[in-house]
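Down below is the structure, laid out as structure tokens.
Values reported hereafter were calculated over all heavy atoms of this structure, with side chains retained and with hydrogens, waters and symmetry mates removed. As the structure is a prediction and not an experimental result, all values here were calculated from the model.
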Amino acid sequence: MEDVLDIYELPYNKDIPVVCMDEKPYQLLGEARESWAMRPGDNKKIDSEYTRNGTCSIFAFVEALAGRHHVSVREHRTAIDWAEEIRYLVDEMYPAAQKIILVMDNLNTHKPASLYKAFPPEEARRIIKKLEIHYTPKHGSWLYIAEIELNVMMRQCLSRRIASIDALRSELSAWEDERNNGKSKVNWQFTTKDARIKLVSLYPEF
């Protein structure tokens, strides 16, 4: 916990960005019946029955201090998918960065070893050398800025039925543009000093 909190206290540095990433499974749902046309001022009426169109995985990256956001949709959640997203982070999002401080959870694919499953050793090592990885503690979702980003995404963009991957990609692309244009940042306030006071019961007594 203190390791992650110390990272969040670092000042903004464009050469060493702090980026949080997370991924979320998403179920594609279609309408079983067409909804009625709305009258002005009325809420849209939809049937409670729906069709299941499969699942996919949403990858989200957020640089909280710069207000930079990126989301992508993949059909699967494999080590290869994660590795390809990380290469995009390094080569497309931050090609000029000296190092990227990457904060993420302990999901089984979120490991440097996944890069070796996707790329030749030289390429995997090149990507790893650009990263400084920090993991959030287990059961510490409250500490995870990327999860905050996903919660905002669900409220603002995904609190409805979306039937296909193409439609989902289109909707999330528009949401990402709006977030980036507005430079939506995360104003994190909880510090290591606060933790030692408010969460004193978690610390051993001497």
Side-chain angles (χ1 to χ4, degrees), residues 4 8 17-38 40-89 92-94 102-110 114 135-136 138-188:
V4 174
Y8 289 169
V18 175
V19 180
C20 299
M21 75 82 52
D22 197 8
E23 55 183 282
K24 178 181 181 64
Y26 185 78
Q27 186 170 44
L28 300 167
L29 300 175
E31 302 293 352
R33 299 173 183 83
E34 292 295 326
S35 60
W36 295 346
M38 291 182 291
D42 281 0
N43 292 326
K44 184 177 181 179
K45 308 295 191 300
I46 61 173
D47 196 275
S48 59
E49 189 176 348
Y50 54 84
T51 60
R52 297 178 184 271
N53 298 335
T55 60
C56 58
S57 189
I58 299 173
F59 289 78
F61 295 86
V62 55
E63 185 187 357
L65 295 181
R68 187 173 184 182
H69 310 259
H70 173 66
V71 290
S72 64
V73 181
R74 290 183 169 267
E75 293 184 6
H76 308 287
R77 184 202 68 79
T78 66
I80 305 298
D81 293 299
W82 179 83
E84 290 175 350
E85 289 294 328
I86 295 302
R87 181 162 71 171
Y88 180 88
L89 171 75
E92 302 296 332
M93 294 183 66
Y94 300 97
L102 181 61
V103 180
M104 55 188 176
D105 63 10
N106 288 279
L107 198 64
N108 63 330
T109 57
H110 295 176
S114 295
Y135 290 104
T136 56
K138 292 181 179 180
H139 312 297
S141 59
W142 64 272
L143 189 60
Y144 202 8
I145 286 178
E147 187 152 326
I148 295 173
E149 178 81 349
L150 287 175
N151 289 335
V152 172
M153 179 197 303
M154 291 300 297
R155 290 198 307 270
Q156 294 183 348
C157 185
L158 303 183
S159 58
R160 54 204 164 94
R161 296 171 188 168
I162 298 179
S164 68
I165 281 187
D166 288 340
L168 179 61
R169 285 175 175 148
S170 177
E171 294 292 333
L172 286 178
S173 178
W175 180 81
E176 176 187 313
D177 288 343
E178 183 176 345
R179 294 282 281 173
N180 282 323
N181 291 337
K183 294 190 180 299
S184 302
K185 302 178 181 180
V186 176
N187 184 16
W188 187 270

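- With rounding to the nearest 0.5 angstrom, the CG atom of Asp105 is 4.0 Å from the OH atom of Tyr144.
- Of all the heavy atoms in Ala146 and Val62, the pair that sits closest is CA-CG1, 4.1 Å.
- To the nearest 0.5 Å, the span separating CE on Met21 from CG on Leu89 amounts to 8.5 Å.
- A heavy-atom distance below 4.5 Å is found between the side chains of Asn108 and Arg77.
- Closest heavy-atom contact between Ser114 and Ala79: OG-CB, 3.4 Å.
- In this structure, the side chains of Val103 and Tyr8 come closer than 4.5 Å at one or more pairs of heavy atoms.
- A pairwise comparison of heavy atoms in Arg161 and Leu29 identifies CB-O, 3.6 Å as the closest pair.
- Evaluation of the salt bridge (charged side-chain N to carboxylate O under 4.0 Å, His left out) test over residues 173-187, restricted to residues two or more places apart or in two chains, returns Glu149-Arg179.
- Checked against Leu28 for a side chain to side chain contact (heavy atoms under 4.5 Å, CB included), the options Leu168, Thr55, Thr51, Val73 give a single hit: Leu168.
- With sequence neighbours left out, Glu85 forms a salt bridge (Lys or Arg N to Asp or Glu O under 4.0 Å) with Arg74.
- Between atom CG of residue Asp22 and atom CD1 of residue Ile58 there is a gap of 11.0 Å, rounded to the nearest 0.5 Å.
- A distance of 12.5 Å separates CH2 of Trp188 from CG of Leu65, quoted to the nearest 0.5 Å.
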When the side chains of residues 150-160 are checked against the rest of the protein, which donor-acceptor pairs come out under 3.5 Å, sequence neighbours left out?
residue, atom, partner, partner atom, Å
Asn151, ND2, Glu147, O, 3.3
Gln156, OE1, Trp175, NE1, 2.9
Ser159, OG, Arg155, O, 3.4
Arg160, NE, Cys157, O, 2.9
Arg160, NH2, Cys157, O, 3.0
Arg160, NH2, Glu171, OE1, 2.8

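- Of all heavy-atom pairs spanning Met104 and Trp82, the tightest one is CE-CZ2, 3.6 Å.
- Taking CZ of Phe61 as the reference point, atom CG of Leu102 lies at 7.0 Å (rounded to 0.5 Å).
- The OG atom of Ser72 sits 9.0 Å away from atom CG of Asp81, with the distance rounded to the nearest 0.5 Å.
- Enclosure of atom CD in Glu75 is not indicated, since only 12 or fewer non-hydrogen atoms of other residues, nucleotides or ligands lie within 6.0 angstrom.
- Of all non-hydrogen atoms in Ser184 and His69, the two that sit nearest each other are O-NE2, 2.6 Å.
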